[in-house]
*Asks:* 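Encoded as structure tokens, here's the structure I'll be asking about.
Residue numbers start at 1 and run along the sequence shown.
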Amino acid sequence: MPSVLDQRPAPSACAARPAPPRRRTRLLALPEARWALTALVLFLLALPVYLLDGPAWLWGTLFAATYATGGWEPGWEGLKALKEKTLDVDLLMVVAALGAAAIGQILDGALLIVIFATSGALEAVATARTADSVRGLLDLAPTTATRLLPDGTEETAETDQLAIGDTILVRPGERVGADGQVLDGSSDVDQATITGEPLPVAKQAGDEVFAGTVNGTGALHVRVERDPSDSVIARIVKMVEEASETKAPTQLFIEKVEQRYSIAMVIATLAVFGIPLALGDSLQSALLRAMTFMIVASPCAVVLSTMPPLLSAIANAGRHGVLAKSAVVMERLGQIDLVALDKTGTLTEGTPRVTSIRPLPGTGLDEGGLLTLAAAAEHPSEHPLARAVVDAARERGLHLPEATGFSSAPGEGVTATVEGQTVQVGSPSRLLTDADNVPCKEAVAELEDAGRTAVAVLRNGAVAGVLGIADRLRPDAAATVAALTELTGRTPVLLTGDNERAARHLAAEVGITDVRAGLLPQDKVAAVNAWRTEGRRVLVVGDGVNDAPALAAAHSGIAMGKAGSDLAPETADAIVVRDELATIPSIVQLSRTARRLVIQNLAVAGTFITVLVAWDLVGTLPLPLGVAGHEGSTVIVGLNGLRMLREAAWPRLTKNTA
């Protein structure tokens, strides 16, 4: 059963989930960010000079610098791709921008350069931050451990030098240095970073422990069972990296046809220039027609068809506490057809709370009296369950008498003297005997069957009552599950490292029938990969380090960012910064609405391009009219996309939990 009460020098429950230190790559350390920022600044300096008819040499120089700083890198990458016989859309954009400048549309070209440079910088930042968090995860495991030698002496050893069969000593409050088996000692170990269990787990001889988990108050002798490079923490890092690398690069809809469109546009532009010239047309006329064709066939409107709706949706979601990392993420969220939810910290609040108070008949105690005794005895302890009992007493405004003679035994509980009475609080399996009364055992069984942690309270050796402690369900959990079921056509799945009984009880409360409990990180990844093999587009929602590999492997991942570990938000595609579970179906629906607007915009842009190109080829399209048509289509699709900024565009979750 879950662990019992002890006294821990480690941080209290509110900080029960250690997170790796942040190793942030500075934004301007990335060359893509520096070039994009420079191009943007130059563009903003040139724009007012150009619009106010300032000196041509000034705005011309500034725009030229914008082209150079923002366009050289994508242009160079495009040339390298061209060497590999691949026509990159970035190169096409640079050519289109230069073509626009060649016929006097220098502002259009500069704007296109800035858009693409900024997009590349954002992608570089996202990649760097994910790499930072993966490296930082290794800090969860200590760098040194106390190794016990055959003669009984101790030595400090680097954890990466530990070998299978070595015995290490883990003192109270220390992190376990390697995956292994307990040989001697007993303690409660906080392994939330690995399994997601909300409460520390009692460990004794024969039990398995994991590197990076936090020991409680007892000392443990642990035999190393895995090489440090194969520990659970190391495997989590490896799985996150592999998932990020093997996850197919996602492209926006228009990018999926970029090769064909790019090649067709280049060939068509050359044909529009070369064929009339070969048939006797003048060089100036042929060049003007070709440049007009390049302008009207340029994918500027198509690019803006995609970005404004998605970027506006990102901004709208941000106002409501959800951060989507890119336009690609916003597009992918609307494609999901299956949702997998973590339990602790996702469907639940991640903090244990007293849910039941059961004083036994004949003890003369009511609920307040029983809670007062237990809280007074627990007050000196820093154990998460102890904090839950004390917090419950404070919420009721109970006065706690002073406890003396406090002692704590890992795996058993605490003992203290309260107003002359000896009070014991701890595990029923350790404190209760076969002679204890039937009502007490029935209360314990009832609480445990309901997925609660049962805590026995004894007064002067006799059972006074039982407390039930559980991680509280989020108030909007049931409504969220119902909304996700309606959106995807399938009830979400519960993936958790917690025990089967607690998981199934909670799942029943929110309407989930498919429960996968007792999972380690690799088990969650295996489940996600199995669904992907079936053709499912899976959305994983989690909050901890143990969820990070599954978040990376899924089609889309959303992290609960307020209380979760550092790695989960970095690995996920989107972050719920306010911990409002109800925003998850809202962001999925928002994504679907944005994708519909993208399709509308593509239809509008495609119609304009088709009409203007046909006009230029069949007749003589005046350049000013071609530019007006091109810019008009750009304005239309841009304004249509900005509709996603409206408050009304954010879907509201109904409160119906039936």
*Asks:* Compare every heavy atom of A550 with every heavy atom of V525, then report the nearest pair and how far apart it is.
*Replies:*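 That closest heavy-atom pairing would be CG2-N, 3.7 Å.
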*Asks:* Just by modelled atom types, is the A553 backbone N or O under 3.5 Å from a matching donor or acceptor in the R532 side chain?
*Replies:*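 Indeed, once roles are kept as given, a pair shorter than 3.5 Å links the two residues.
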*Asks:* Calculate, to the nearest 0.5 Å, the distance between atoms CG and CG belonging to D514 and L494 respectively.
*Replies:*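 Rounded to the nearest 0.5 Å, the CG-CG separation comes out at 9.0 Å.
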*Asks:* Among residues at least two apart in sequence or on other chains, which ones pass side chain to side chain donor-acceptor pair (under 3.5 Å) with E509?
*Replies:*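 Testing E509 for side chain to side chain donor-acceptor pair (under 3.5 Å), a comparison that skips the adjacent residues, returns H505.
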*Asks:* Specify the closest pair of heavy atoms between L400 and A376, including all atoms of both residues, with the distance to one decimal.
*Replies:*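 For L400 versus A376, the nearest heavy atoms are CD2-N, 4.2 Å.
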*Asks:* Let me confirm one number: the CG-CG distance from L458 to L373, rounded to the nearest 0.5 Å.
*Replies:*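 The CG atom of L458 sits 11.0 Å away from the CG atom of L373.
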*Asks:* Give a yes or no answer on whether the side chain of T415 reaches the backbone of Q424 with a donor-acceptor pair at less than 3.5 Å.
*Replies:*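 Between the backbone of Q424 and the side chain of T415 there is no qualifying donor-acceptor contact (under 3.5 Å).
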*Asks:* Can you tell whether the side chains of E208 and R226 come within less than 4.0 Å, N to carboxylate O?
*Replies:*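 So E208 pairs with R226 through a salt bridge.
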*Asks:* Could you pull out all residues at least two apart from T146 that satisfy side chain to side chain donor-acceptor pair (under 3.5 Å)?
*Replies:*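 T146 satisfies side chain to side chain donor-acceptor pair (under 3.5 Å) with R171 only.
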*Asks:* Could you tell me whether a side-chain N or O of D207 sits under 3.5 Å from a main-chain N or O of Q204, the two making a donor and an acceptor?
*Replies:*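 Checking the backbone N and O of Q204 against the side chain of D207, a donor-acceptor pair under 3.5 Å is found.
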*Asks:* When you check the gap from the basic side-chain N to the acidic O, do K524 and D342 get nearer than 4.0 Å?
*Replies:*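 Judged by the 4.0 Å cut-off on N to carboxylate O distance, K524 and D342 do form a salt bridge.
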*Asks:* Is any side-chain heavy atom of K203 less than 4.5 Å from a side-chain heavy atom of S187?
*Replies:*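 The answer is no; the side chains never approach within 4.5 Å.
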*Asks:* Of all heavy-atom pairs between I469 and P352, which one has the smallest distance, and what is that distance?
*Replies:*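 Nearest heavy atoms, I469 then P352: CG2-CB, 3.8 Å.
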*Asks:* Do R490 and T485 come close enough that some side-chain heavy atom pair is under 4.5 Å?
*Replies:*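 Not in contact.
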*Asks:* Using a 4.5 Å cut-off on heavy atoms from C-beta on, say whether the side chain of T417 contacts that of F406.
*Replies:*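 Counting from C-beta outward, F406 and T417 never come under 4.5 Å.
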*Asks:* Under the criterion side-chain contact (heavy atoms from CB on, under 4.5 Å), I'd like the reasoning laid out for V576 against L581: C-alpha separation, chi angles, the key distance, then a yes or no.
*Replies:* CA-CA 8 Å; V576 181; L581 193 63; over 6 Å; no
*Asks:* What pair of heavy atoms forms the shortest contact from I168 to A178, and how long is it?
*Replies:*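 The answer is CD1-N, 4.0 Å.
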*Asks:* With sequence neighbours left out, what residues match T156 under side chain to side chain contact (heavy atoms under 4.5 Å, CB included)?
*Replies:*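 With sequence neighbours excluded, T156 shows a side chain to side chain contact (heavy atoms under 4.5 Å, CB included) to T144, given in chain and number order.
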*Asks:* Quick one: closest heavy-atom pair of L495 and A340, and the distance?
*Replies:*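 The answer is CD1-CB, 3.7 Å.
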*Asks:* So, taking the atom named CD1 in I575 and the one named CD1 in I558, what distance separates them when rounded to the nearest 0.5 Å?
*Replies:*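 Output value for this atom pair is 10.5 Å.
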*Asks:* Would you check if V457 and L467 make a side-chain contact, meaning some heavy-atom pair closer than 4.5 Å?
*Replies:*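 They are in side-chain contact.
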*Asks:* Report the distance from atom CG of L539 to atom CD1 of I336, rounding to the nearest 0.5 Å.
*Replies:*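 CD1 of I336 is found 5.0 Å from CG of L539.
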*Asks:* Checking R223 now: which residues fulfil side chain to side chain contact (heavy atoms under 4.5 Å, CB included) with it, not counting sequence neighbours?
*Replies:*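 In terms of side chain to side chain contact (heavy atoms under 4.5 Å, CB included), with neighbours along the sequence ignored, R223 is linked to Q181, L183, E225.
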*Asks:* Give the minimum heavy-atom separation between V463 and C440, together with the two atoms involved.
*Replies:*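 Heavy atoms only, the tightest pair is CG1-SG, 3.4 Å.
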*Asks:* Are the side chain of N215 and the backbone of G218 linked by a donor-acceptor contact shorter than 3.5 Å?
*Replies:*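 Present.
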*Asks:* What do the steps show when you test Q421 against V418 for side-chain contact (heavy atoms from CB on, under 4.5 Å), and what is the final call?
*Replies:* CA-CA 5 Å; Q421 305 175 89; V418 180; 5.5 Å; no
*Asks:* Kindly determine whether I512 and V481 satisfy side-chain contact (heavy atoms from CB on, under 4.5 Å), including the steps that lead there.
*Replies:* CA-CA 8 Å; I512 294 178; V481 169; 3.9 Å; yes
*Asks:* With heavy-atom distances below 4.5 Å as the criterion, would you say the side chains of K343 and T348 are in contact?
*Replies:*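 Result yes, sub-4.5 Å side-chain heavy-atom pair found.
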*Asks:* Give a yes or no answer on whether the side chain of T355 reaches the backbone of G468 with a donor-acceptor pair at less than 3.5 Å.
*Replies:*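 Yes; judged by distance alone, with no hydrogens or angles, the pair exists.
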*Asks:* Spell out, as yes or no, whether a donor-acceptor pair under 3.5 Å connects the side chain of N460 to the backbone of T422.
*Replies:*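 Flag set: sc N460 to bb T422 pair under 3.5 Å.
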*Asks:* Could you work out, with side chain to side chain contact (heavy atoms under 4.5 Å, CB included) as the rule, every residue matching E500, not counting sequence neighbours?
*Replies:*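 If we apply the side chain to side chain contact (heavy atoms under 4.5 Å, CB included) test to E500, skipping adjacent residues, the hits are R504, A517.
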*Asks:* Say whether, by atom type as modelled, one donor and one acceptor occur between the side chain of R358 and the main chain of V444 under 3.5 angstrom.
*Replies:*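 Pair absent, no side-chain N/O of R358 close to backbone of V444.
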*Asks:* What residues form a side chain to side chain contact (heavy atoms under 4.5 Å, CB included) with D366, not counting sequence neighbours?
*Replies:*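 For D366, no residue satisfies side chain to side chain contact (heavy atoms under 4.5 Å, CB included) once neighbours in sequence are set aside.
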*Asks:* Measuring only between side-chain heavy atoms, which start at C-beta, is T513 closer than 4.5 Å to V515?
*Replies:*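 Contact flag for T513/V515 side chains = no.
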*Asks:* Does S427 reach the side chain of V455, with side-chain heavy atoms less than 4.5 Å apart?
*Replies:*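 No - every pair of side-chain heavy atoms lies 4.5 Å or more apart.
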*Asks:* Using a 3.5 Å distance criterion without hydrogens, assess whether the side chain of T153 forms a donor-acceptor pair with backbone atoms of L149.
*Replies:*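 Not at all, since once roles are kept as given, no pair shorter than 3.5 Å links the two residues.
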*Asks:* Quick one: does R474's side chain have a donor or acceptor within less than 3.5 Å of a partner on E580's backbone?
*Replies:*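 Side chain of R474 to backbone of E580: no pair is present.
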*Asks:* Is E402 atom CD crowded by more than 12 heavy atoms from other residues, nucleotides or ligands, each under 6.0 Å away?
*Replies:*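 Count not over threshold, so no.
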*Asks:* So how far is it from I164 CD1 to D179 CG, rounded to the nearest 0.5 Å?
*Replies:*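 Going from the CD1 atom of I164 to the CG atom of D179 covers 10.5 Å.
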*Asks:* Evaluate the side-chain proximity of L220 to D184: yes if any heavy-atom separation is below 4.5 Å, no if none is.
*Replies:*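 Heavy-atom side-chain distance check fails, nothing below 4.5 Å.
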*Asks:* Quick check for you: to the nearest 0.5 Å, what is the distance between L551 atom CG and D573 atom CG?
*Replies:*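 Taking CG in L551 and CG in D573, the distance rounds to 8.0 Å.
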*Asks:* Between L365 and R459, is the side-chain contact (heavy atoms from CB on, under 4.5 Å) condition met? List the steps.
*Replies:* CA-CA 11 Å; L365 295 173; R459 181 178 57 179; 3.6 Å; yes
*Asks:* Between D523 and L520, is there a donor-acceptor pair closer than 3.5 Å when you use the side chain of the first and the backbone of the second?
*Replies:*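 Such a contact is found between D523 side chain and L520 backbone.
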